[in-house]
Amino acid sequence: MTGDTGGPVSLRQIAPDLLLIEVAGRRVLTQAECPHRRGRLRYGYLNGRTLRITCPLHHSTFDLLTGRQVAGPPCGSLRVTLLPEDAASPRSAAEAAEWAAEWAEWAEGPRPEAGAP
């Protein structure tokens, strides 16, 4: 992962399909793969000033606060969950697995189709 953060940044893959991004004093859970062609976002470009992440494959860019796609080939939104300020980051594999299970439950919902806004 590369980026212009303007401060400390952390991006951790806490499950096969889940990233924890800590940037600009915020914690965001997001899917690990781009909805366009499944590029691995942990190798993407993270801009901490604009709170956006760009896929390394085809440069789809997403707002980390809303998940909305702001650039790149049409592919729909990125699934994101903003964590409250008092939420602790997972400190163990067991905690990460618990978060991943909760994420999987939430992510079971319908996925946006390619080209959807």
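Residues: numbered from 1 along the sequence shown.
Looking at residues two or more places apart in sequence or on another chain, you find a side-chain contact (heavy atoms from CB on, under 4.5 Å) between His59 and Thr54. Taking Arg68 as the reference, Thr66, Val70 meet the side-chain contact (heavy atoms from CB on, under 4.5 Å) condition, with sequence neighbours excluded. Applying the side-chain contact (heavy atoms from CB on, under 4.5 Å) test to Arg37 and every residue at least two apart in sequence or in another chain returns His58. With sequence neighbours left out, the side-chain hydrogen bond (donor to acceptor under 3.5 Å, both in side chains) criterion links Arg38 to Glu33. Annotation: salt bridge (Lys or Arg N to Asp or Glu O under 4.0 Å) contacts of Arg40 (sequence neighbours excluded): none. For Leu57, the side-chain contact (heavy atoms from CB on, under 4.5 Å) criterion is met by Cys55, not counting sequence neighbours.
Across Pro35, Ser77, Ser60, a single residue satisfies side-chain contact (heavy atoms from CB on, under 4.5 Å) together with Gln69, and that is Ser60.
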Leu83 vs Leu20, side-chain contact (heavy atoms from CB on, under 4.5 Å): CA-CA, chis, key distance, verdict: CA-CA 10 Å; Leu83 298 177; Leu20 172 65; 3.8 Å; yes
- Task: Determine, stepwise, if the pair Asp63 / Leu78 fulfils side-chain contact (heavy atoms from CB on, under 4.5 Å).
- Result: CA-CA 8 Å; Asp63 183 303; Leu78 189 69; over 6 Å; no
| message | Show, in sequence, the C-alpha distance, side-chain angles and deciding distance for Ile21 and Leu46, and conclude whether the side-chain contact (heavy atoms from CB on, under 4.5 Å) test is met. | response | CA-CA 9 Å; Ile21 298 172; Leu46 178 64; 4.0 Å; yes
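A heavy-atom distance below 4.5 Å is found between the side chains of Leu29 and Leu18. Under the 4.5 Å side-chain criterion, counting only non-hydrogen atoms from C-beta, Gln31 is not in contact with Asp17. Between Leu11 and Ile53 the shortest side-chain heavy-atom distance falls below 4.5 Å. Side-chain contact between Leu65 and Leu82 is present, with at least one heavy-atom pair separated by less than 4.5 Å.
Atom CG of Leu51 is separated from atom CG of Leu64 by 6.5 Å, given to the nearest 0.5 angstrom.
The two residues Pro56 and Tyr43 come nearest to each other via the heavy atoms CB-O, 3.6 Å. Taking all atoms of both residues into account, the shortest heavy-atom contact from Arg52 to Thr61 is CB-CG2, 4.0 Å.
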